[in-house]
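Report on one structure; see the data block that follows.
Only heavy atoms go into these numbers, but all of them, side chains included; no hydrogens, no water, no symmetry mates. This one's a predicted model, so the numbers in the text were calculated from it and none came from an experiment.
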Amino acid sequence: MSFSVYAWDGNIRGIVKSIDVTDNNNYDFRVTLQDSSGVSKKSCSQTVTWSYINESDSNYSTYVSLLLAAKMAKNDVTIFTTKDSKGYCKIGYVVLH
């Protein structure tokens with residue numbers, strides 16, 4: 001299934017490769033996806049491979065739960081992102097496949 005969404009700056013589909021967690025609205029929960037050959041995929045940024053959501057964002061717990069479950073199950077997800085003011089990719093929508 002392919003998505004064409006014009007409201008988002010980026011969307012990628014893949015398996016969760018890694019998750020990084022930090023605090024203080026410093027890109028709190030960072031997710032990197034990989035393709036079937038294990039290569040990290042870029043979303044809306046050309047400089048980093050991760051997308052993020054902060055704990056202060058709406059539905060933070062739901063995003064975290066879904067992405068952790070997808071990693072454990074090795075299921076594909078599609079992450080839709082928008083570029084923030086610093087050029088990083090903020091998660092705004094996730095599809096579990």
Side-chain angles (χ1 to χ4, degrees):
M1 177 184 272
S2 160
F3 292 94
S4 293
V5 179
Y6 298 102
W8 304 101
D9 293 322
N11 69 76
I12 53 173
R13 180 176 175 163
I15 296 172
V16 177
K17 180 176 186 176
S18 65
I19 294 173
D20 297 287
V21 179
T22 187
D23 61 0
N24 295 327
N25 285 321
N26 182 24
Y27 313 107
D28 297 353
F29 189 85
R30 305 174 195 183
V31 179
T32 301
L33 298 186
Q34 67 183 13
D35 63 19
S36 59
S37 63
V39 176
S40 297
K41 300 177 87 174
K42 292 183 179 176
S43 182
C44 67
S45 172
Q46 295 305 309
T47 58
V48 296
T49 56
W50 49 267
S51 304
Y52 79 94
I53 189 161
N54 286 321
E55 186 177 9
S56 60
D57 293 325
S58 174
N59 269 347
Y60 173 82
S61 297
T62 304
Y63 284 112
V64 169
S65 296
L66 183 137
L67 291 164
L68 288 171
K71 170 127 178 89
M72 296 304 295
K74 298 182 181 170
N75 281 72
D76 275 11
V77 294
T78 300
I79 296 177
F80 295 86
T81 58
T82 55
K83 262 188 195 176
D84 68 13
S85 61
K86 294 183 180 178
Y88 294 111
C89 303
K90 183 170 183 177
I91 297 170
Y93 192 89
V94 177
V95 177
L96 176 62
H97 300 280

**Message:** Suppose the criterion is disulfide bond (SG atoms under 2.5 Å apart): which pairs have a residue in residues 22-97, not counting sequence neighbours?
**Reply:**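 Counting only pairs at least two positions apart or across chains, the disulfide bond (SG atoms under 2.5 Å apart) contacts touching residues 22-97 are C44-C89.
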
**Message:** Take a 6.0 Å sphere around OH of Y60 and say whether it holds more than 12 heavy atoms from other residues, nucleotides or ligands.
**Reply:**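 Yes, enclosed.
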
Same cluster or not: [X] versus [Y], using hydrophobic residues (I, L, V, M, F, W, Y) connected whenever any side-chain heavy atoms lie under 4.5 Å apart?
X	Y	answer
V94	V64	yes
I53	V77	yes
F29	L33	yes
V31	V21	yes
I79	W50	no

**Request:** Measure across N25 and E55 and return the closest heavy-atom pair with its distance rounded to 0.1 Å.
**Result:**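 Here N25 and E55 meet closest at OD1-N, 4.4 Å.
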
Counting distance only, does the side-chain N/O of [X] pair as donor-acceptor with the main-chain N or O of [Y] below 3.5 Å?
X	Y	value
N75	H97	yes
D84	K90	no
N24	N26	no
K17	V39	no

**Item:** Short side-chain donor-acceptor distance under 3.5 Å, S43 and T81
**Value:**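 S43 and T81 do have a side-chain donor-acceptor pair below 3.5 Å.
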
**Asked** When rounded to the nearest 0.5 angstrom, what is the spacing between NZ in K41 and CG in N11?
**Response**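 It is 9.0 Å, given to the nearest 0.5 Å.
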
Side chains of [X] and [Y]: closer than 4.5 Å at any heavy-atom pair?
X	Y	value
W8	Y93	yes
Y63	D57	no
D76	I15	yes

**Asked** Pick one: which of T49, T32, I12 meets side-chain contact (heavy atoms from CB on, under 4.5 Å) with K42?
**Response**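 It is T49, the one option of T49, T32, I12 that forms the side-chain contact (heavy atoms from CB on, under 4.5 Å) with K42.
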
**Request:** Let me know which of I91, D9, V95 forms a side-chain contact (heavy atoms from CB on, under 4.5 Å) with F80.
**Result:**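 Going through I91, D9, V95 one by one, the side-chain contact (heavy atoms from CB on, under 4.5 Å) with F80 is satisfied by V95 alone.
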
**Message:** Quick check on the 6.0 Å ring-centre criterion: do Y88 and Y27 meet it?
**Reply:**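 Yes, close enough.
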
**Message:** One pair to check against side-chain hydrogen bond (donor to acceptor under 3.5 Å, both in side chains): S56 and N54. What are the steps and the verdict?
**Reply:** CA-CA 5 Å; S56 60; N54 286 321; 5.1 Å; no

